[in-house]
2 protein chains.
Amino acid sequence: MESSHRNLTQQVVHELGKKILQGNYKIGERLPSEADLCQQFNISRTATREAVKMLTAKGLISSRPRQGITVVESKHWNLFDVDVLNWILLGKPDLYLLRHFLQLRLALEAEAAYLAALYASDDDLIAIASALARMKNATNGMDDTHEADIAYHQSVLSASNNPFFIQLKNFITTALKVNLRFTNRMIAVTVAEYQAHVDIYEHIKNKKPQAAFDAAMVTQRATLAIVNEQIAALEQEKQHKV
Amino acid sequence: MESSHRNLTQQVVHELGKKILQGNYKIGERLPSEADLCQQFNISRTATREAVKMLTAKGLISSRPRQGITVVESKHWNLFDVDVLNWILLGKPDLYLLRHFLQLRLALEAEAAYLAALYASDDDLIAIASALARMKNATNGMDDTHEADIAYHQSVLSASNNPFFIQLKNFITTALKVNLRFTNRMIAVTVAEYQAHVDIYEHIKNKKPQAAFDAAMVTQRATLAIVNEQIAALEQEKQHKV
DNA sequence: TGAACTCATTTATCATACAATTAAGTAGAT
DNA sequence: ATCTACTTAATTGTATGATAAATGAGTTCA
(Lines give C-alpha, C1' and ligand atoms only; values in the text may rest on other atoms or scores of the structure.)
Protein backbone atom coordinates (compact mmCIF):
# COMPACT_ATOMS: atom_id res chain seq x y z
CA MET A 1 0.00 0.00 0.00
CA GLU A 2 1.56 3.25 -1.15
CA SER A 3 -0.20 5.29 1.47
CA SER A 4 1.02 3.50 4.57
CA HIS A 5 2.86 6.56 5.80
CA ARG A 6 -0.40 8.46 6.15
CA ASN A 7 -2.52 8.19 9.21
CA LEU A 8 -5.61 6.05 9.31
CA THR A 9 -8.17 8.77 8.75
CA GLN A 10 -6.39 10.05 5.67
CA GLN A 11 -6.11 6.57 4.24
CA VAL A 12 -9.84 6.11 4.54
CA VAL A 13 -10.45 9.54 3.01
CA HIS A 14 -8.26 8.49 0.11
CA GLU A 15 -9.95 5.13 -0.40
CA LEU A 16 -13.48 6.48 -0.26
CA GLY A 17 -12.61 9.55 -2.31
CA LYS A 18 -11.17 7.36 -5.05
CA LYS A 19 -14.26 5.17 -5.11
CA ILE A 20 -16.63 8.11 -5.30
CA LEU A 21 -14.73 9.85 -8.08
CA GLN A 22 -14.47 6.62 -10.03
CA GLY A 23 -18.20 6.24 -9.81
CA ASN A 24 -18.33 3.19 -7.54
CA TYR A 25 -21.16 4.95 -5.76
CA LYS A 26 -23.70 6.71 -7.92
CA ILE A 27 -24.96 10.17 -7.12
CA GLY A 28 -27.66 10.10 -4.45
CA GLU A 29 -26.68 6.57 -3.50
CA ARG A 30 -25.90 5.62 0.08
CA LEU A 31 -22.41 4.68 1.13
CA PRO A 32 -22.07 1.98 3.79
CA SER A 33 -23.11 3.27 7.20
CA GLU A 34 -20.53 4.40 9.73
CA ALA A 35 -20.78 1.04 11.44
CA ASP A 36 -20.20 -0.84 8.19
CA LEU A 37 -17.26 1.35 7.26
CA CYS A 38 -15.71 0.66 10.66
CA GLN A 39 -15.94 -3.04 9.96
CA GLN A 40 -14.72 -2.83 6.37
CA PHE A 41 -11.64 -0.81 7.28
CA ASN A 42 -11.33 -2.38 10.71
CA ILE A 43 -11.06 0.96 12.44
CA SER A 44 -12.87 2.87 15.17
CA ARG A 45 -15.83 5.15 14.67
CA THR A 46 -13.62 8.14 15.47
CA ALA A 47 -11.41 7.56 12.45
CA THR A 48 -14.36 6.72 10.25
CA ARG A 49 -16.32 9.79 11.20
CA GLU A 50 -13.34 12.09 10.73
CA ALA A 51 -12.87 10.68 7.24
CA VAL A 52 -16.53 11.22 6.46
CA LYS A 53 -16.30 14.78 7.71
CA MET A 54 -13.31 15.49 5.48
CA LEU A 55 -15.11 14.19 2.41
CA THR A 56 -18.10 16.28 3.43
CA ALA A 57 -15.85 19.33 3.59
CA LYS A 58 -14.70 18.59 0.06
CA GLY A 59 -18.30 18.60 -1.08
CA LEU A 60 -18.50 14.95 -2.08
CA ILE A 61 -20.93 13.52 0.45
CA SER A 62 -23.53 14.46 2.99
CA SER A 63 -24.42 12.61 6.18
CA ARG A 64 -27.61 12.87 8.17
CA PRO A 65 -29.18 10.82 10.93
CA ARG A 66 -31.34 7.98 9.72
CA GLN A 67 -30.59 8.89 6.09
CA GLY A 68 -26.97 7.79 6.19
CA ILE A 69 -24.05 8.91 4.08
CA THR A 70 -24.95 9.83 0.51
CA VAL A 71 -23.07 11.06 -2.53
CA VAL A 72 -24.21 14.57 -3.39
CA GLU A 73 -24.68 16.03 -6.86
CA SER A 74 -21.42 16.48 -8.70
CA LYS A 75 -21.97 20.21 -9.05
CA HIS A 76 -21.17 20.45 -5.35
CA TRP A 77 -17.85 18.62 -5.65
CA ASN A 78 -14.82 20.82 -5.08
CA LEU A 79 -13.16 19.94 -8.34
CA PHE A 80 -10.35 22.38 -7.61
CA ASP A 81 -9.33 20.56 -4.47
CA VAL A 82 -5.95 18.90 -4.98
CA ASP A 83 -7.13 15.57 -3.61
CA VAL A 84 -10.30 15.50 -5.66
CA LEU A 85 -8.33 16.29 -8.81
CA ASN A 86 -5.91 13.48 -8.12
CA TRP A 87 -8.75 11.06 -7.48
CA ILE A 88 -10.12 11.98 -10.89
CA LEU A 89 -6.75 11.14 -12.42
CA LEU A 90 -6.68 7.74 -10.73
CA GLY A 91 -9.54 6.80 -13.01
CA LYS A 92 -8.95 6.45 -16.71
CA PRO A 93 -8.71 9.99 -18.08
CA ASP A 94 -10.16 10.15 -21.57
CA LEU A 95 -9.88 12.71 -24.33
CA TYR A 96 -12.98 14.49 -23.10
CA LEU A 97 -11.39 15.13 -19.73
CA LEU A 98 -8.29 16.36 -21.52
CA ARG A 99 -10.43 18.73 -23.55
CA HIS A 100 -12.15 20.05 -20.44
CA PHE A 101 -8.79 20.68 -18.81
CA LEU A 102 -7.45 22.43 -21.88
CA GLN A 103 -10.51 24.63 -22.21
CA LEU A 104 -10.04 25.93 -18.70
CA ARG A 105 -6.28 26.22 -19.03
CA LEU A 106 -6.74 28.30 -22.14
CA ALA A 107 -9.03 30.71 -20.35
CA LEU A 108 -6.78 30.99 -17.33
CA GLU A 109 -3.33 31.06 -18.79
CA ALA A 110 -4.02 33.66 -21.46
CA GLU A 111 -5.38 36.08 -18.88
CA ALA A 112 -2.60 35.17 -16.46
CA ALA A 113 -0.11 36.24 -19.12
CA TYR A 114 -2.07 39.47 -19.56
CA LEU A 115 -1.96 40.17 -15.84
CA ALA A 116 1.70 39.18 -15.61
CA ALA A 117 2.48 41.84 -18.20
CA LEU A 118 0.74 44.37 -15.97
CA TYR A 119 1.78 43.33 -12.50
CA ALA A 120 4.86 41.09 -12.61
CA SER A 121 7.60 42.08 -10.18
CA ASP A 122 11.28 41.78 -11.02
CA ASP A 123 11.41 38.55 -9.06
CA ASP A 124 8.44 37.22 -10.99
CA LEU A 125 10.22 37.93 -14.27
CA ILE A 126 13.35 36.21 -13.04
CA ALA A 127 11.32 33.17 -12.08
CA ILE A 128 9.75 32.94 -15.54
CA ALA A 129 13.14 33.40 -17.20
CA SER A 130 14.74 30.66 -15.12
CA ALA A 131 11.87 28.30 -15.90
CA LEU A 132 12.41 29.01 -19.58
CA ALA A 133 16.10 28.26 -19.13
CA ARG A 134 15.16 24.91 -17.67
CA MET A 135 12.91 24.26 -20.67
CA LYS A 136 15.78 25.04 -23.00
CA ASN A 137 17.99 22.58 -21.15
CA ALA A 138 15.19 20.07 -21.38
CA THR A 139 15.23 20.27 -25.17
CA ASN A 140 18.86 19.12 -24.89
CA GLY A 141 17.93 16.40 -22.45
CA MET A 142 19.69 18.19 -19.61
CA ASP A 143 16.57 18.74 -17.56
CA ASP A 144 13.19 17.07 -17.19
CA THR A 145 10.77 18.39 -19.80
CA HIS A 146 7.70 17.85 -17.69
CA GLU A 147 9.12 19.47 -14.57
CA ALA A 148 10.35 22.45 -16.54
CA ASP A 149 6.98 22.82 -18.23
CA ILE A 150 5.22 22.87 -14.87
CA ALA A 151 7.69 25.39 -13.50
CA TYR A 152 7.06 27.70 -16.43
CA HIS A 153 3.28 27.62 -16.18
CA GLN A 154 3.41 28.10 -12.42
CA SER A 155 5.75 31.06 -12.72
CA VAL A 156 3.38 32.88 -15.08
CA LEU A 157 0.43 32.25 -12.76
CA SER A 158 2.42 33.55 -9.82
CA ALA A 159 3.35 36.65 -11.80
CA SER A 160 -0.34 37.49 -12.23
CA ASN A 161 -0.26 38.53 -8.58
CA ASN A 162 -3.87 37.44 -8.26
CA PRO A 163 -4.48 35.00 -5.39
CA PHE A 164 -7.17 33.16 -7.32
CA PHE A 165 -4.92 32.51 -10.27
CA ILE A 166 -2.16 31.51 -7.90
CA GLN A 167 -4.43 29.04 -6.16
CA LEU A 168 -5.10 27.43 -9.53
CA LYS A 169 -1.47 26.40 -9.91
CA ASN A 170 -2.48 23.04 -8.48
CA PHE A 171 -5.13 22.69 -11.12
CA ILE A 172 -2.81 23.60 -13.97
CA THR A 173 -0.17 21.18 -12.73
CA THR A 174 -2.69 18.37 -12.65
CA ALA A 175 -3.94 19.33 -16.09
CA LEU A 176 -0.38 19.10 -17.37
CA LYS A 177 -0.09 15.62 -15.91
CA VAL A 178 -3.12 14.55 -17.93
CA ASN A 179 -1.60 16.14 -20.98
CA LEU A 180 1.49 14.03 -20.48
CA ARG A 181 -0.52 10.82 -20.63
CA PHE A 182 -1.84 11.60 -24.08
CA THR A 183 0.98 13.36 -25.80
CA ASN A 184 4.24 11.58 -26.30
CA ARG A 185 5.88 14.68 -27.57
CA MET A 186 8.72 14.75 -30.03
CA ILE A 187 11.64 17.02 -29.21
CA ALA A 188 10.63 19.11 -32.22
CA VAL A 189 7.26 19.86 -30.70
CA THR A 190 8.89 20.87 -27.48
CA VAL A 191 11.21 23.27 -29.26
CA ALA A 192 8.29 24.95 -30.99
CA GLU A 193 6.47 25.26 -27.68
CA TYR A 194 9.58 26.63 -26.07
CA GLN A 195 9.78 29.37 -28.67
CA ALA A 196 6.13 30.26 -28.12
CA HIS A 197 6.76 30.61 -24.41
CA VAL A 198 9.79 32.78 -25.01
CA ASP A 199 7.66 35.08 -27.13
CA ILE A 200 5.06 35.34 -24.39
CA TYR A 201 7.78 36.08 -21.86
CA GLU A 202 9.10 38.89 -24.04
CA HIS A 203 5.66 40.45 -24.19
CA ILE A 204 5.32 40.18 -20.44
CA LYS A 205 8.74 41.76 -19.91
CA ASN A 206 7.90 44.57 -22.33
CA LYS A 207 4.62 45.25 -20.49
CA LYS A 208 2.49 44.38 -23.52
CA PRO A 209 -0.51 42.64 -21.92
CA GLN A 210 -2.64 42.30 -25.03
CA ALA A 211 0.27 40.85 -27.03
CA ALA A 212 1.02 38.37 -24.26
CA PHE A 213 -2.64 37.43 -24.07
CA ASP A 214 -2.93 36.91 -27.81
CA ALA A 215 0.26 34.88 -28.03
CA ALA A 216 -0.83 32.59 -25.19
CA MET A 217 -4.28 32.25 -26.68
CA VAL A 218 -2.98 31.27 -30.13
CA THR A 219 -0.75 28.56 -28.68
CA GLN A 220 -3.50 27.07 -26.58
CA ARG A 221 -6.17 27.20 -29.27
CA ALA A 222 -3.78 25.26 -31.49
CA THR A 223 -3.30 22.58 -28.84
CA LEU A 224 -7.02 22.41 -28.27
CA ALA A 225 -7.64 22.06 -32.00
CA ILE A 226 -5.45 18.96 -32.09
CA VAL A 227 -7.42 17.37 -29.27
CA ASN A 228 -10.70 18.27 -30.93
CA GLU A 229 -9.52 16.56 -34.11
CA GLN A 230 -8.60 13.46 -32.15
CA ILE A 231 -12.01 13.42 -30.54
CA ALA A 232 -13.71 13.91 -33.90
CA ALA A 233 -11.72 11.00 -35.34
CA LEU A 234 -12.61 8.87 -32.35
CA GLU A 235 -16.30 9.62 -32.66
CA GLN A 236 -16.27 8.84 -36.37
CA GLU A 237 -14.59 5.56 -35.60
CA LYS A 238 -17.34 4.73 -33.16
CA GLN A 239 -19.92 5.56 -35.79
CA HIS A 240 -18.34 3.05 -38.17
CA LYS A 241 -18.45 0.34 -35.55
CA VAL A 242 -22.18 0.88 -35.16
CA MET B 1 -26.79 33.36 16.55
CA GLU B 2 -27.76 32.88 12.92
CA SER B 3 -26.19 29.46 12.73
CA SER B 4 -28.10 27.79 15.54
CA HIS B 5 -29.80 25.38 13.13
CA ARG B 6 -26.48 23.80 12.22
CA ASN B 7 -24.93 21.11 14.32
CA LEU B 8 -22.13 21.81 16.74
CA THR B 9 -19.27 20.69 14.53
CA GLN B 10 -20.37 22.90 11.67
CA GLN B 11 -20.77 25.89 13.95
CA VAL B 12 -17.19 25.50 15.13
CA VAL B 13 -16.00 25.07 11.53
CA HIS B 14 -17.76 28.30 10.69
CA GLU B 15 -16.36 30.23 13.64
CA LEU B 16 -12.78 29.10 13.15
CA GLY B 17 -12.97 29.45 9.38
CA LYS B 18 -14.13 33.03 9.72
CA LYS B 19 -11.34 33.86 12.14
CA ILE B 20 -8.68 32.35 9.92
CA LEU B 21 -9.88 34.09 6.77
CA GLN B 22 -10.15 37.39 8.60
CA GLY B 23 -6.56 37.03 9.68
CA ASN B 24 -7.10 36.54 13.41
CA TYR B 25 -4.46 33.85 13.21
CA LYS B 26 -1.41 34.60 11.12
CA ILE B 27 0.03 32.08 8.69
CA GLY B 28 2.19 29.53 10.47
CA GLU B 29 0.74 30.53 13.80
CA ARG B 30 -0.74 27.98 16.18
CA LEU B 31 -4.42 27.90 16.91
CA PRO B 32 -5.49 26.95 20.44
CA SER B 33 -4.93 23.25 21.11
CA GLU B 34 -7.76 20.76 20.88
CA ALA B 35 -8.16 20.92 24.65
CA ASP B 36 -8.34 24.72 24.63
CA LEU B 37 -10.85 24.76 21.79
CA CYS B 38 -13.03 22.32 23.73
CA GLN B 39 -13.05 24.74 26.64
CA GLN B 40 -13.58 27.87 24.55
CA PHE B 41 -16.56 26.41 22.70
CA ASN B 42 -17.64 24.26 25.62
CA ILE B 43 -17.88 21.13 23.49
CA SER B 44 -16.40 17.66 23.44
CA ARG B 45 -13.17 16.61 21.79
CA THR B 46 -15.19 14.69 19.22
CA ALA B 47 -16.86 17.81 17.86
CA THR B 48 -13.65 19.82 18.07
CA ARG B 49 -11.59 17.27 16.19
CA GLU B 50 -14.19 16.86 13.47
CA ALA B 51 -14.22 20.62 12.95
CA VAL B 52 -10.44 20.66 12.74
CA LYS B 53 -10.51 17.86 10.19
CA MET B 54 -13.00 19.73 8.04
CA LEU B 55 -10.86 22.85 8.03
CA THR B 56 -7.87 20.65 7.20
CA ALA B 57 -9.82 19.24 4.26
CA LYS B 58 -10.42 22.77 3.03
CA GLY B 59 -6.67 23.39 3.10
CA LEU B 60 -6.69 26.03 5.83
CA ILE B 61 -4.88 24.30 8.66
CA SER B 62 -2.66 21.38 9.50
CA SER B 63 -2.56 19.44 12.74
CA ARG B 64 0.26 17.25 13.95
CA PRO B 65 1.18 15.73 17.29
CA ARG B 66 3.24 17.97 19.52
CA GLN B 67 3.16 20.72 16.89
CA GLY B 68 -0.51 21.51 17.34
CA ILE B 69 -2.91 23.10 14.89
CA THR B 70 -1.32 25.63 12.58
CA VAL B 71 -2.52 27.87 9.77
CA VAL B 72 -0.90 26.77 6.52
CA GLU B 73 0.31 29.02 3.70
CA SER B 74 -2.53 30.71 1.88
CA LYS B 75 -1.55 29.12 -1.40
CA HIS B 76 -2.94 25.89 -0.01
CA TRP B 77 -6.31 27.37 0.86
CA ASN B 78 -9.16 26.12 -1.30
CA LEU B 79 -10.33 29.56 -2.34
CA PHE B 80 -12.94 28.01 -4.60
CA ASP B 81 -14.68 26.28 -1.73
CA VAL B 82 -18.08 27.87 -1.13
CA ASP B 83 -17.49 28.18 2.60
CA VAL B 84 -14.05 29.68 2.24
CA LEU B 85 -15.36 32.21 -0.26
CA ASN B 86 -18.13 33.24 2.08
CA TRP B 87 -15.71 33.59 4.98
CA ILE B 88 -13.69 35.94 2.81
CA LEU B 89 -16.79 38.04 2.22
CA LEU B 90 -17.51 38.25 5.95
CA GLY B 91 -14.41 40.40 6.17
CA LYS B 92 -14.39 43.82 4.62
CA PRO B 93 -13.98 43.32 0.87
CA ASP B 94 -11.91 46.10 -0.63
CA LEU B 95 -11.42 47.29 -4.20
CA TYR B 96 -8.42 44.99 -4.58
CA LEU B 97 -10.52 41.95 -3.86
CA LEU B 98 -13.11 43.21 -6.32
CA ARG B 99 -10.39 43.58 -8.92
CA HIS B 100 -9.13 40.05 -8.30
CA PHE B 101 -12.63 38.71 -8.68
CA LEU B 102 -13.20 40.66 -11.88
CA GLN B 103 -9.92 39.52 -13.38
CA LEU B 104 -10.87 35.91 -12.94
CA ARG B 105 -14.46 36.43 -14.02
CA LEU B 106 -13.23 38.05 -17.20
CA ALA B 107 -11.06 35.07 -18.02
CA LEU B 108 -13.77 32.57 -17.25
CA GLU B 109 -16.88 34.17 -18.62
CA ALA B 110 -15.44 35.11 -22.00
CA GLU B 111 -14.32 31.54 -22.63
CA ALA B 112 -17.57 30.21 -21.21
CA ALA B 113 -19.40 32.25 -23.84
CA TYR B 114 -17.06 30.82 -26.49
CA LEU B 115 -17.78 27.28 -25.35
CA ALA B 116 -21.49 27.94 -25.06
CA ALA B 117 -21.51 28.95 -28.73
CA LEU B 118 -19.94 25.58 -29.52
CA TYR B 119 -21.69 23.22 -27.18
CA ALA B 120 -24.94 24.75 -25.86
CA SER B 121 -27.94 22.45 -26.06
CA ASP B 122 -31.41 23.72 -26.87
CA ASP B 123 -32.24 23.63 -23.19
CA ASP B 124 -29.12 25.63 -22.39
CA LEU B 125 -30.21 28.31 -24.89
CA ILE B 126 -33.67 28.43 -23.39
CA ALA B 127 -32.16 28.88 -19.92
CA ILE B 128 -30.05 31.81 -21.09
CA ALA B 129 -33.00 33.38 -22.88
CA SER B 130 -35.22 33.12 -19.83
CA ALA B 131 -32.53 34.63 -17.64
CA LEU B 132 -32.32 37.52 -20.08
CA ALA B 133 -36.08 37.90 -19.89
CA ARG B 134 -35.78 38.20 -16.13
CA MET B 135 -33.12 40.86 -16.57
CA LYS B 136 -35.41 42.81 -18.86
CA ASN B 137 -38.16 42.64 -16.27
CA ALA B 138 -35.63 43.76 -13.70
CA THR B 139 -35.00 46.98 -15.62
CA ASN B 140 -38.71 47.67 -15.17
CA GLY B 141 -38.54 46.77 -11.51
CA MET B 142 -40.56 43.61 -12.07
CA ASP B 143 -37.81 41.25 -10.99
CA ASP B 144 -34.76 41.43 -8.77
CA THR B 145 -31.80 42.77 -10.74
CA HIS B 146 -29.23 40.90 -8.73
CA GLU B 147 -31.01 37.54 -8.89
CA ALA B 148 -31.56 37.91 -12.62
CA ASP B 149 -27.92 38.83 -13.12
CA ILE B 150 -26.79 35.73 -11.26
CA ALA B 151 -29.19 33.55 -13.23
CA TYR B 152 -27.81 34.88 -16.50
CA HIS B 153 -24.16 34.30 -15.63
CA GLN B 154 -24.92 30.84 -14.31
CA SER B 155 -26.83 29.88 -17.41
CA VAL B 156 -23.90 30.77 -19.66
CA LEU B 157 -21.50 28.77 -17.50
CA SER B 158 -23.85 25.80 -17.59
CA ALA B 159 -24.07 26.07 -21.36
CA SER B 160 -20.30 25.64 -21.64
CA ASN B 161 -20.92 21.99 -20.85
CA ASN B 162 -17.57 21.86 -19.10
CA PRO B 163 -17.75 20.53 -15.52
CA PHE B 164 -14.96 22.80 -14.36
CA PHE B 165 -16.71 25.92 -15.59
CA ILE B 166 -19.93 24.65 -14.11
CA GLN B 167 -18.28 24.13 -10.74
CA LEU B 168 -17.20 27.75 -10.82
CA LYS B 169 -20.79 28.97 -10.76
CA ASN B 170 -20.41 29.28 -6.99
CA PHE B 171 -17.38 31.45 -7.45
CA ILE B 172 -19.04 33.72 -10.00
CA THR B 173 -22.09 34.10 -7.80
CA THR B 174 -19.94 35.15 -4.89
CA ALA B 175 -18.01 37.52 -7.10
CA LEU B 176 -21.27 39.11 -8.16
CA LYS B 177 -22.20 39.60 -4.52
CA VAL B 178 -18.98 41.55 -3.98
CA ASN B 179 -19.73 43.56 -7.07
CA LEU B 180 -23.05 44.51 -5.56
CA ARG B 181 -21.41 45.97 -2.50
CA PHE B 182 -19.40 48.42 -4.52
CA THR B 183 -21.64 49.36 -7.38
CA ASN B 184 -24.96 50.94 -6.71
CA ARG B 185 -25.97 50.64 -10.29
CA MET B 186 -28.26 53.06 -12.01
CA ILE B 187 -31.05 51.60 -14.08
CA ALA B 188 -29.33 53.12 -17.12
CA VAL B 189 -26.22 51.06 -16.53
CA THR B 190 -28.29 47.95 -16.16
CA VAL B 191 -29.98 48.59 -19.48
CA ALA B 192 -26.62 48.94 -21.22
CA GLU B 193 -25.42 45.73 -19.60
CA TYR B 194 -28.60 44.01 -20.59
CA GLN B 195 -28.04 44.94 -24.23
CA ALA B 196 -24.48 43.60 -24.06
CA HIS B 197 -25.74 40.30 -22.72
CA VAL B 198 -28.37 40.08 -25.43
CA ASP B 199 -25.65 40.53 -28.03
CA ILE B 200 -23.59 37.76 -26.49
CA TYR B 201 -26.63 35.53 -26.43
CA GLU B 202 -27.23 36.15 -30.14
CA HIS B 203 -23.65 35.15 -30.91
CA ILE B 204 -24.04 32.00 -28.85
CA LYS B 205 -27.31 31.13 -30.57
CA ASN B 206 -25.75 31.73 -33.99
CA LYS B 207 -22.80 29.48 -33.13
CA LYS B 208 -20.26 32.28 -33.41
CA PRO B 209 -17.81 31.44 -30.60
CA GLN B 210 -15.21 34.08 -31.38
CA ALA B 211 -17.83 36.83 -31.61
CA ALA B 212 -19.34 35.73 -28.31
CA PHE B 213 -15.90 35.65 -26.73
CA ASP B 214 -14.99 39.12 -27.99
CA ALA B 215 -18.29 40.64 -26.92
CA ALA B 216 -17.98 39.20 -23.42
CA MET B 217 -14.38 40.30 -23.20
CA VAL B 218 -15.11 43.89 -24.19
CA THR B 219 -17.85 44.21 -21.59
CA GLN B 220 -15.71 42.82 -18.82
CA ARG B 221 -12.61 44.82 -19.68
CA ALA B 222 -14.74 47.95 -19.50
CA THR B 223 -15.98 47.03 -16.04
CA LEU B 224 -12.47 46.21 -14.94
CA ALA B 225 -11.21 49.55 -16.28
CA ILE B 226 -13.66 51.38 -14.03
CA VAL B 227 -12.44 49.53 -10.97
CA ASN B 228 -8.82 50.16 -11.94
CA GLU B 229 -9.59 53.88 -12.16
CA GLN B 230 -11.17 53.81 -8.73
CA ILE B 231 -8.13 52.08 -7.32
CA ALA B 232 -5.82 54.56 -9.00
CA ALA B 233 -7.80 57.44 -7.52
CA LEU B 234 -7.68 55.81 -4.11
CA GLU B 235 -3.95 55.32 -4.26
CA GLN B 236 -3.38 58.88 -5.32
CA GLU B 237 -5.50 60.03 -2.42
CA LYS B 238 -3.35 58.00 -0.07
CA GLN B 239 -0.25 59.59 -1.55
CA HIS B 240 -1.63 63.03 -0.73
CA LYS B 241 -2.30 62.10 2.85
CA VAL B 242 1.33 61.03 3.25
C1' DT C 1 30.94 18.26 20.47
C1' DG C 2 27.57 15.24 19.47
C1' DA C 3 25.04 11.10 19.82
C1' DA C 4 21.78 8.61 22.47
C1' DC C 5 18.33 8.88 25.70
C1' DT C 6 14.43 10.62 28.44
C1' DC C 7 10.55 13.37 29.00
C1' DA C 8 6.58 16.13 28.25
C1' DT C 9 3.17 17.88 25.06
C1' DT C 10 -0.08 17.31 21.63
C1' DT C 11 -2.56 14.94 18.33
C1' DA C 12 -4.28 10.04 16.81
C1' DT C 13 -7.02 6.21 17.80
C1' DC C 14 -10.07 3.23 20.36
C1' DA C 15 -14.16 1.91 23.13
C1' DT C 16 -18.51 2.86 25.10
C1' DA C 17 -22.57 5.28 26.23
C1' DC C 18 -26.25 8.29 25.36
C1' DA C 19 -28.75 12.06 22.69
C1' DA C 20 -30.96 13.80 18.55
C1' DT C 21 -32.95 13.20 14.13
C1' DT C 22 -36.06 11.28 11.10
C1' DA C 23 -38.10 7.69 7.82
C1' DA C 24 -41.28 4.26 8.25
C1' DG C 25 -44.58 1.72 10.37
C1' DT C 26 -48.78 1.45 13.66
C1' DA C 27 -52.79 2.46 16.00
C1' DG C 28 -56.72 5.09 16.72
C1' DA C 29 -60.25 8.40 15.64
C1' DT C 30 -63.45 10.03 12.41
C1' DA D 1 -60.88 4.43 4.02
C1' DT D 2 -57.89 8.00 5.38
C1' DC D 3 -55.97 11.19 8.02
C1' DT D 4 -53.63 12.25 12.29
C1' DA D 5 -50.85 11.21 16.06
C1' DC D 6 -47.99 8.16 18.16
C1' DT D 7 -44.36 4.69 18.40
C1' DT D 8 -40.39 2.51 16.84
C1' DA D 9 -36.04 1.61 14.88
C1' DA D 10 -32.04 2.98 12.25
C1' DT D 11 -28.44 6.18 11.82
C1' DT D 12 -25.69 9.96 12.74
C1' DG D 13 -24.32 13.51 16.49
C1' DT D 14 -22.04 14.36 20.90
C1' DA D 15 -19.73 13.31 25.22
C1' DT D 16 -16.23 11.00 28.08
C1' DG D 17 -12.23 8.55 29.38
C1' DA D 18 -8.39 5.84 28.30
C1' DT D 19 -4.31 4.59 25.64
C1' DA D 20 -1.10 4.96 21.56
C1' DA D 21 1.95 7.45 18.59
C1' DA D 22 4.65 11.33 17.10
C1' DT D 23 7.93 14.77 17.99
C1' DG D 24 10.32 18.92 19.83
C1' DA D 25 13.20 19.98 23.68
C1' DG D 26 16.03 19.15 27.08
C1' DT D 27 19.66 15.89 29.44
C1' DT D 28 23.03 12.74 30.02
C1' DC D 29 27.10 10.60 28.88
C1' DA D 30 31.01 9.26 25.95
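Here is how names work: the chains are called A, B, and so on, in the same order as the sequence lines, proteins then strands, and each is numbered from 1.
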Asker: Examine dT14(D): is either OP1 or OP2 under 4.0 Å from a nitrogen or oxygen in the side chain of Thr9(B)? Give yes or no.
Answerer: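 Yes, Thr9(B) has a side-chain N/O under 4.0 Å of OP1/OP2 on dT14(D).
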Asker: I want to check something: taking the side chain as every heavy atom from C-beta on, are Trp77(A) and Leu21(A) in contact at a cut-off of under 4.5 Å?
Answerer: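 A side-chain contact under 4.5 Å exists here.
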Asker: May I ask you to evaluate whether Ser33(B) reaches the phosphate of dT9(C), defined as a side-chain N or O under 4.0 Å from OP1 or OP2?
Answerer: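 Looking at the OP1 and OP2 atoms of dT9(C), neither is under 4.0 Å from any side-chain N or O of Ser33(B).
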Asker: Over how many whole Å does the gap from Leu8(A) atom CG to dT13(C) atom C1' extend?
Answerer: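 Interatomic distance, CG of Leu8(A) to C1' of dT13(C): 7 Å.
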Asker: Separation of Gln39(A) atom CD from dA15(C) atom C1', in whole Å?
Answerer: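 Computing the Gln39(A):CD to dA15(C):C1' distance gives 15 Å.
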Asker: Does anything in residues 83-98 of chain B pair up under salt bridge (charged side-chain N to carboxylate O under 4.0 Å, His left out), and if so which pairs, sequence neighbours excluded?
Answerer: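 For residues 83-98 of chain B, and leaving out neighbouring residues, the salt bridge (charged side-chain N to carboxylate O under 4.0 Å, His left out) pairs sorted by first residue read Lys58(B)-Asp83(B).
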Asker: Could you give the CG-to-C1' distance, from Leu31(A) to dT12(D), as a whole number of Å?
Answerer: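 Distance check: Leu31(A) CG to dT12(D) C1' gives 14 Å.
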Asker: Mind calculating the distance between CD1 (Ile69(B)) and P (dA22(D)) to the nearest angstrom?
Answerer: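 Distance check: Ile69(B) CD1 to dA22(D) P gives 19 Å.
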Asker: Donor-acceptor pair, Arg30(A) side chain versus Gln67(A) backbone, under 3.5 Å?
Answerer: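 Yes.
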Asker: Does Lys53(A) have a side-chain nitrogen or oxygen under 4.0 Å from the phosphate oxygens OP1 or OP2 of dG13(D)?
Answerer: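 Yes, Lys53(A) has a side-chain N/O under 4.0 Å of OP1/OP2 on dG13(D).
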Asker: Measure from CG on Leu37(B) to P on dA12(C) and round the result to the nearest Å.
Answerer: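 Atom-to-atom, Leu37(B) to dA12(C), this comes out as 13 Å.
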Asker: So, Asn170(B) versus Thr173(B): side-chain donor-acceptor pair below 3.5 Å or not?
Answerer: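 Thr173(B) and Asn170(B) do not have a side-chain donor-acceptor pair below 3.5 Å.
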Asker: Can you tell me the distance, in whole Å, between the CG atom of Asn7(A) and the C1' atom of dT23(D)?
Answerer: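 Asn7(A) atom CG is separated from dT23(D) atom C1' by 15 Å.
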Asker: Only one of Leu16(A), Ile43(A), Val12(A) forms a side-chain contact (heavy atoms from CB on, under 4.5 Å) with Leu37(A), so which one is it?
Answerer: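 Among Leu16(A), Ile43(A), Val12(A), the one that satisfies the side-chain contact (heavy atoms from CB on, under 4.5 Å) with Leu37(A) is Leu16(A).
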Asker: Taking only heavy atoms on the protein side, list every residue of residues 44-51 of chain A lying under 4.0 Å from any atom of DNA chain D, sorted numerically.
Answerer: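 Per residue number, the list reads Arg45(A), Arg49(A).
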Asker: Restricting to nitrogen or oxygen on both sides, can you table the protein-nucleotides 6-10 of chain D pairs closer than 3.5 Å?
Answerer:
| from | atom 1 | to | atom 2 | distance (Å) |
| --- | --- | --- | --- | --- |
| dA9(D) | N3 | Arg66(A) | NH1 | 3.4 |

Asker: Rounded to whole Å, please give me the gap between CD1 in Ile43(A) and C1' in dA20(D).
Answerer: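 Going from CD1 in Ile43(A) over to C1' in dA20(D) covers 16 Å.
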Asker: Considering only heavy atoms from C-beta outward, does the side chain of Leu79(B) approach that of Leu168(A) to under 4.5 Å?
Answerer: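 Answer no - side chains too far apart.
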Asker: Go nucleotide by nucleotide along DNA chain C from the 5' end; which of Gln67(A) and Pro32(B) gets its closest nucleotide reached first?
Answerer: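 On the 5' side of the pair lies Pro32(B).
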Asker: Can you list the residues that meet the salt bridge (charged side-chain N to carboxylate O under 4.0 Å, His left out) rule with Arg49(B), with sequence neighbours excluded?
Answerer: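 With neighbours one apart ignored, the set is Glu50(A), Glu34(B).
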Asker: Just to verify, what does Glu73(B) make a side chain to side chain donor-acceptor pair (under 3.5 Å) with, not counting sequence neighbours?
Answerer: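 For Glu73(B) there are no side chain to side chain donor-acceptor pair (under 3.5 Å) partners, ignoring immediate neighbours.
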Asker: Output the rounded distance in Å from CD (Glu34(A)) to C1' (dA15(C)).
Answerer: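 Roughly 14 Å, once rounded to whole Å.
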Asker: Please list all pairs meeting salt bridge (charged side-chain N to carboxylate O under 4.0 Å, His left out) that have one or both residues in residues 151-167 of chain B, counting only residues at least two apart or in different chains.
Answerer: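 Output for this query is empty, none listed.
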